Amino acid sequence: MKLACPDCRHENEPERIYCHECGARLNRTTLIREQTAAREEDSAETHRRLERMLNPKGVIFRANLKMLGKVLSGAFVAALLVLALSAPEGSPPSAASAPLELGPQIGLDLENVLSKHRGGTFSYTEDQVNGYLRNVLKRKKANLDKPFLQFEGGRAGFDEGVCRITAIRSIFGYPIFFRTDNTVATRDGRIDAQNCGGALGRLPVHPALMKYLDFLFADVWSALQQDRKQVAEMSAIQFHPKMVVLTAPAL
């Protein structure tokens, strides 16, 4: 606040008694009245805040609301964990301990057709591909096991235009399922794969987040490096429900 001099109208500091400009005595009545009103207003506002804070109904309501928020947050996090740790529907049993079986020699088929440049179309069912994957990954299990994180197997699933690869690992014997979904297209004569999502257990993962989780499949991709190179040399690849069709290039 400022005190205006009644004679020269100079604004003075509130603690002055005489005008700093002309020396006239200042009228402090207005200042005292304004200060008193301000103190009364502050006191009334403080009293209202205390009443709201100390009102038993208000305190109980806010406490219940806060508790409800914690319960809902905890339930949401628990639901996400349950989904992430749940086995997907139709998930196969652990294949790491299963005996090796003589399944389709997909890798050998692709190697022969690529080396002879004869072209041709090959189709494999989902079960045939998984039998081949089981044998390949079984032989390389030692490289796929990590401390406290055992590799239990891998599985491929095919839908129209989409290939889903699931890696199964276990922590202290409890299985955890990681899945990556991909589509393919032919660009400039080469196979181009694009991620279109994935899942942790039954919890869907957006494609924008899957690029940060691809490290979960790094050792699997390394174990299948030779097979991936052969597939990349195909002139076309199509995914259909429970089936994949590969087209080899011809000279």
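Since we're looking at a predicted model, the values are computed, not measured.
- No side-chain donor-acceptor contact under 3.5 Å links Ser222 to the backbone of Ala218.
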Worked verdict on Glu126 versus Arg155 for side chain to side chain contact (heavy atoms under 4.5 Å, CB included) = CA-CA 9 Å; Glu126 192 174 277; Arg155 184 170 178 82; 3.8 Å; yes
query = Run the side chain to side chain contact (heavy atoms under 4.5 Å, CB included) check on Phe215 and Leu213 step by step: do they pass?
reply = CA-CA 5 Å; Phe215 71 93; Leu213 297 177; 4.2 Å; yes
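- In terms of heavy-atom proximity, Ala223 sits nearest to Lys140 at O-NZ, 2.6 Å.
- Hydrophobic clustering, with ILVMFWY side chains joined whenever heavy atoms are under 4.5 angstrom apart, groups Phe178 together with Leu209.
- Taking both residues in full, the closest heavy atoms of Ala156 and Ile165 are given as CB-CD1, 3.7 Å, listed atom of the first, atom of the second, then distance.
- Side-chain atoms of Leu26 and Tyr18, non-hydrogen and from C-beta on, never get closer than 4.5 Å to each other.
- Nearest heavy-atom pair, Glu160 versus Pro241, reported as atom, atom and distance to 0.1 Å: OE1-CD, 3.2 Å.
- Between atom CD of residue Glu111 and atom CG of residue Asp227 there is a gap of 10.0 Å, rounded to the nearest 0.5 Å.
- Counting only heavy atoms from C-beta outward, the side chains of Ile176 and Leu200 never approach each other to under 4.5 Å.
- Of the candidates Asn195, Thr166, Asp214, Thr180 forms a side chain to side chain donor-acceptor pair (under 3.5 Å) with just one, namely Asn195.
- Side chains of Val244 and Cys163 form no contact here, defined as non-hydrogen atoms less than 4.5 Å apart.
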Check the pair Thr121 / Val245 against side chain to side chain contact (heavy atoms under 4.5 Å, CB included), numbers first and verdict last.
CA-CA 7 Å; Thr121 299; Val245 179; 3.4 Å; yes
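- There is a path of hydrophobic side-chain contacts, each under 4.5 Å, that joins Ile171 to Leu216.
- The two residues Arg9 and Ala4 have their closest heavy-atom pair at NH2-CB, 3.8 Å.
- Judged by distance alone, the side chain of Asp181 and the main-chain N or O of Arg164 form no donor-acceptor pair under 3.5 Å.
- Lys141 approaches Asp145 most closely through the heavy-atom pair NZ-OD2, 2.7 Å.
- If you take CG on Leu110 and NZ on Lys229, they are separated by 14.5 Å, rounding to the nearest 0.5 Å.
- Its side chain outside the 4.5 Å cluster rule for every partner, Tyr212 clusters with none of the Ile, Leu, Val, Met, Phe, Trp and Tyr residues.
- Under the ring-ring contact (aromatic ring centres under 6.0 Å, His included) criterion, Phe158 pairs with Phe239, sequence neighbours left out.
- Considering only heavy atoms from C-beta on, Glu152 stays 4.5 Å or farther from Pro175 through its side chain.
- Going from atom CZ of Arg16 over to atom CD of Glu11 covers 13.5 Å, rounded to the nearest 0.5 Å.
- Hydrophobic clustering, with ILVMFWY side chains joined whenever heavy atoms are under 4.5 angstrom apart, groups Trp221 together with Val205.
- To the nearest 0.5 Å, atoms CG (Asp159) and NE2 (His240) are separated by 12.0 Å.
- Rounding to the nearest 0.5 Å places CZ of Arg228 at 13.0 Å from CD1 of Ile191.
- In terms of heavy atoms, Asn12 sits closest to His20 at OD1-N, 2.7 Å.
- Cation-pi geometry between Arg169 and Phe151 is not satisfied (NZ or CZ under 6.0 Å from the ring centre, within 45° of the ring normal).
- Residues that satisfy the side chain to side chain contact (heavy atoms under 4.5 Å, CB included) test with Ala24, not counting sequence neighbours, are Cys5, Asp7, Cys22.
- Interatomic distance, Leu133 CG to Ile106 CD1, rounded to the nearest 0.5 Å: 7.0 Å.
- Sparse packing is recorded around NZ of Lys70, with 12 or fewer heavy atoms of other residues, nucleotides or ligands lying under 6.0 Å away.
- Between Leu114 and Met234, the closest side-chain pair of non-hydrogen atoms falls below 4.5 Å.
- Judged by distance alone, the side chain of Ser235 and the main-chain N or O of Thr247 form a donor-acceptor pair under 3.5 Å.
- No path of Ile, Leu, Val, Met, Phe, Trp and Tyr side chains, each step under 4.5 Å between heavy atoms, connects Met243 with Tyr132, placing them in separate hydrophobic clusters.
- Note on Ile237 and Tyr124: same hydrophobic cluster, where clusters join Ile, Leu, Val, Met, Phe, Trp and Tyr whose side-chain heavy atoms are under 4.5 Å apart, directly or indirectly.
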